[in-house]
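Any value given below was found using the heavy atoms of this structure, including those in side chains, with hydrogens, waters and symmetry copies removed. Reminder, nothing fancy here: chain letters follow the sequence lines and each chain counts from 1.
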There are 4 protein chains.
Amino acid sequence: MSPRTVAGGRTFTDIARRAQIVQCAADAIAETGYANASMAEIAARAGIAKSVISYHFADKNELLQELVRTAVTRYIELIGPRLDAEDDVRRKIRAYITASADYMVVHRSMHLAVVEIAFHATTPDGRPRLDSMPLNAQENLEEILRRGQEFGELGDFDVRVMADLLRTAAHQTMTLALRADPALDLTSYASALAAIFDQAISPQPSTP
Amino acid sequence: MSPRTVAGGRTFTDIARRAQIVQCAADAIAETGYANASMAEIAARAGIAKSVISYHFADKNELLQELVRTAVTRYIELIGPRLDAEDDVRRKIRAYITASADYMVVHRSMHLAVVEIAFHATTPDGRPRLDSMPLNAQENLEEILRRGQEFGELGDFDVRVMADLLRTAAHQTMTLALRADPALDLTSYASALAAIFDQAISPQPSTP
Amino acid sequence: MSPRTVAGGRTFTDIARRAQIVQCAADAIAETGYANASMAEIAARAGIAKSVISYHFADKNELLQELVRTAVTRYIELIGPRLDAEDDVRRKIRAYITASADYMVVHRSMHLAVVEIAFHATTPDGRPRLDSMPLNAQENLEEILRRGQEFGELGDFDVRVMADLLRTAAHQTMTLALRADPALDLTSYASALAAIFDQAISPQPSTP
Amino acid sequence: MSPRTVAGGRTFTDIARRAQIVQCAADAIAETGYANASMAEIAARAGIAKSVISYHFADKNELLQELVRTAVTRYIELIGPRLDAEDDVRRKIRAYITASADYMVVHRSMHLAVVEIAFHATTPDGRPRLDSMPLNAQENLEEILRRGQEFGELGDFDVRVMADLLRTAAHQTMTLALRADPALDLTSYASALAAIFDQAISPQPSTP
DNA sequence: AATGAATGAGATTTCATTCAT
DNA sequence: AATGAATGAAATCTCATTCAT
């Protein structure tokens, strides 16, 4: 009898192998950098032959796409409920930053890998390959901020720019800090960041 | 008779060639991405043979280091006077952001190249090579912010985190926005960013 | 109890599977070309796993040999009676060409596959593998032509060269024409070819 | 001073190297078969590194195209004058066959290589790559034959089929014979072929 | 000072084949 | 009887670097 399959026509062992390979790819990229994470390196970490990867993934791009897809799923899973749990807009923003930090702690190598991929992967003719990957715009910070302004809970900043800044803070700033000092206490770092944003988005005091 | 040399034992033509190559490298990286900016691509843009690059630079790493060094010099040249021209700390911070934007407009490809390099370049064994490059910490934002707090002109944020955020904002945030929309009006974008930071660093209102 | 076997120690299901695989191999080679007809492609067409092929055939070479053997059998089955049905040598030659055309129509993919194999298959050290395959010399055109000359029914051509030409005409010429135009009316094409050969082999007129 | 260049911007040594590589590729294909003629094999025969080939040719396809282009040029150079030298149509046809044989003797491996390439090279999706190569239709046998019929010098055969047959005879038939017996005397073989065609195309005797 | 030519290491990918179940 | 999974060899191509001129 053929092994049980799930949606997508993949067997359980197949899925497990793919997950293992994706994890090893993330570790390899996070630790050795995008350019050094060759198929050989990834395979060596997984303790399998290069061609096993080819057996499970059509090509390297598919592997990277699955990595990013997995990471985004984990991120959404973690951050979604944390945002939904807050009614107050300013607490939502704080939750966004601290939850992002928690995600980076839990899925550290996967996060670092995604950031590497986001910056490195290019099409043969030069431009970023990540446009075809579901990375940003999942959270809709703009929407949250705009509503906060309408209800008078937030100040009068440029919504688009603030959303960009929030995203960069949650991803680039913390990543760079973590890279520069792998022993960094990310939780308190996130707390400090959240405090800064809390003031930045608050309604301005009357400045006479 | 040997040609005149300057400090470092290089002739003037040598220096000119190096500058030309560095500029072409910056263009290549900015336009085609780090991974596609091979020595061949750079040489082609400069209209010279690949080996000419090898003649003037020990290896690719040295070329990239000179590129970054040059960029940092240009950056310091532009931003230094603009910061010095302001006495008020809050205006200094605004100047930091708007001057950074101006730098990105004037030295666009060089800036984009440095950001690419900062994320991509790794040593053979894996870790970022930029740590060994004189990129950050040249401006001493920390110093400025700390003094502002001491004099009571600024609020009570975490200085290190705020400095990181400022740097990421000035470089990553604006770069990503520019990448996403090459026609972006960077000057007004920087203005909006500056406004946000102005509130973020200001002394907190009494929060009853 | 073990399943019934036939000569060669194979069971009936075994034989059926082998035949199915051979047919799919023929289709694959005919449609996608020799180089693209990998074991994976063949297995996919048969709707079975690659390893099933390995289970039934020692290696790819054995599969191809069986394909050619099968094709030759079909060819002989079809062409033999058609030749035997003719007493007159010149009608035998015409029958040879038209029967070959009929064979190509009926067993189109198998024929195209054999032609591909005949040209492509090589031993690891380089030489054509077809020499070891039972392709040519099954029909004994030479014998027929020689007897025709002895009885004065045919002209005075070089028997070996004429046989070669006939075989090439029946296989290569028609195959190439069919490839170039898949909608070609092979029956009338064969008729035209037959007419040409009829004159070529006829006793020369007195050339004063 | 830079080395002298000729049309196409190539230096003389470049041209010589390309010619050498093309010749070695032809030898490799002719001797070991298309499938075994890897870049490594070709480089080994030329006594150079694999990458030298990459230096002179963009990819393998370009190398093969140049090989075919060269072969066709040689063929046209040899066969053109020989056809032009004959006024009589029937002698033209004989010249076509014998000149083709001479070509095969002089440029043996190149010819064998082209035949291999013509049959083997396929695009990734399956169909022959030779459509983009200038192989056939250079001689316009149809034109010659048609004129011969108009002037009453030739019989009443199907022109298109006869041209196909002539081409197959000149290329496939002789190639297969040569392959089967590398010591074959091609000149007399061609002579026998020519005799056969001479009768095949001659005006039919009145067959009452 | 400059260059054309050459090199070797390494990357990705394909493929026939094998093995445990 | 059949299969999913794994393997290792080999193929093509890219690239930074070196060398003789």
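Put simply, B:Tyr55 has no side-chain N or O that comes within less than 4.0 Å of OP1 or OP2 on E:dA2. Note on A:Thr13: every side-chain N or O is 4.0 Å or more away from OP1 and OP2 of F:dG4. A close approach under 4.0 Å does occur between a side-chain nitrogen or oxygen of D:Arg17 and OP1 or OP2 of E:dA6. In this model, the phosphate group of E:dA2 is approached by a side-chain N or O of B:His56 to a distance below 4.0 Å at OP1 or OP2.
Of the possible polar contacts, none joining the D:Glu116 side chain to the D:Gly33 backbone as a donor-acceptor pair under 3.5 Å is found.
Taking atom CZ on A:Phe12 and atom P on F:dG4, their separation rounds to 16 Å, with Å as the unit. The CD1-P distance, from C:Ile53 to E:dC15, rounds to 13 Å in whole Å. Protein atom CG of A:Leu63 is 15 Å distant from nucleotide atom P of E:dA11, rounded to whole Å. C:Phe57 has its CZ atom 20 Å from the P atom of E:dC15, to the nearest Å. Counting to the nearest Å, the C1' atom of F:dA10 and the CD1 atom of D:Ile42 are 15 Å from each other. A:Glu62 places its CD atom 15 Å from the C1' atom of E:dT12, with the value rounded to the nearest Å. As a whole-Å value, the separation of B:Ile15 CD1 from E:dA1 P is 11 Å.
Judged as a side-chain hydrogen bond (donor to acceptor under 3.5 Å, both in side chains), and not counting sequence neighbours, the contacts of C:Arg18 are C:Glu62, C:Glu66. Applying the salt bridge (charged side-chain N to carboxylate O under 4.0 Å, His left out) criterion to B:Arg45, with sequence neighbours excluded, gives B:Glu31, B:Glu41. Scored by the side chain to side chain contact (heavy atoms under 4.5 Å, CB included) test, C:Leu112 finds C:Ala30, C:Arg108, C:Thr175 as partners (sequence neighbours excluded). Residues satisfying the side-chain hydrogen bond (donor to acceptor under 3.5 Å, both in side chains) test with C:Ser38, not counting sequence neighbours, are none. Take D:Ala26 and apply the side chain to side chain contact (heavy atoms under 4.5 Å, CB included) test, not counting sequence neighbours, and it matches D:Gln23, D:Leu67, D:Ser109, D:Met110, D:Ala113.
Results of the side chain to side chain contact (heavy atoms under 4.5 Å, CB included) test with D:Leu64 over D:Ile29, D:Val22, D:Asp59, D:Val114 single out D:Ile29 as the only residue that passes.
Across the interface with DNA chain F, nearest-nucleotide mapping of C:Gly47 and A:Val52 shows C:Gly47 to be the residue nearer the 5′ end. Nearest-nucleotide assignment on DNA chain E puts the 5′-proximal partner with B:Ala49, out of D:Ala49 and B:Ala49.
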Which parts of nucleotides 13-20 of chain F does protein reach within less than 4.0 Å, heavy atoms only, written one letter per nucleotide 5' to 3' as B for base, S for sugar-phosphate only and - for none? BBBSBBB-
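In terms of heavy atoms, D:Phe57 sits closest to D:Leu63 at CD2-CA, 3.7 Å.
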What side-chain donor-acceptor pairs closer than 3.5 Å can you find for residues 47-55 of chain C, not counting sequence neighbours?
none

Determine which bases of DNA chain E form Watson-Crick or G-U wobble pairs with both distances under 3.5 Å, and write the result as a 5' to 3' dot-bracket string with | for other-strand partners. .||||||||||||||||||||
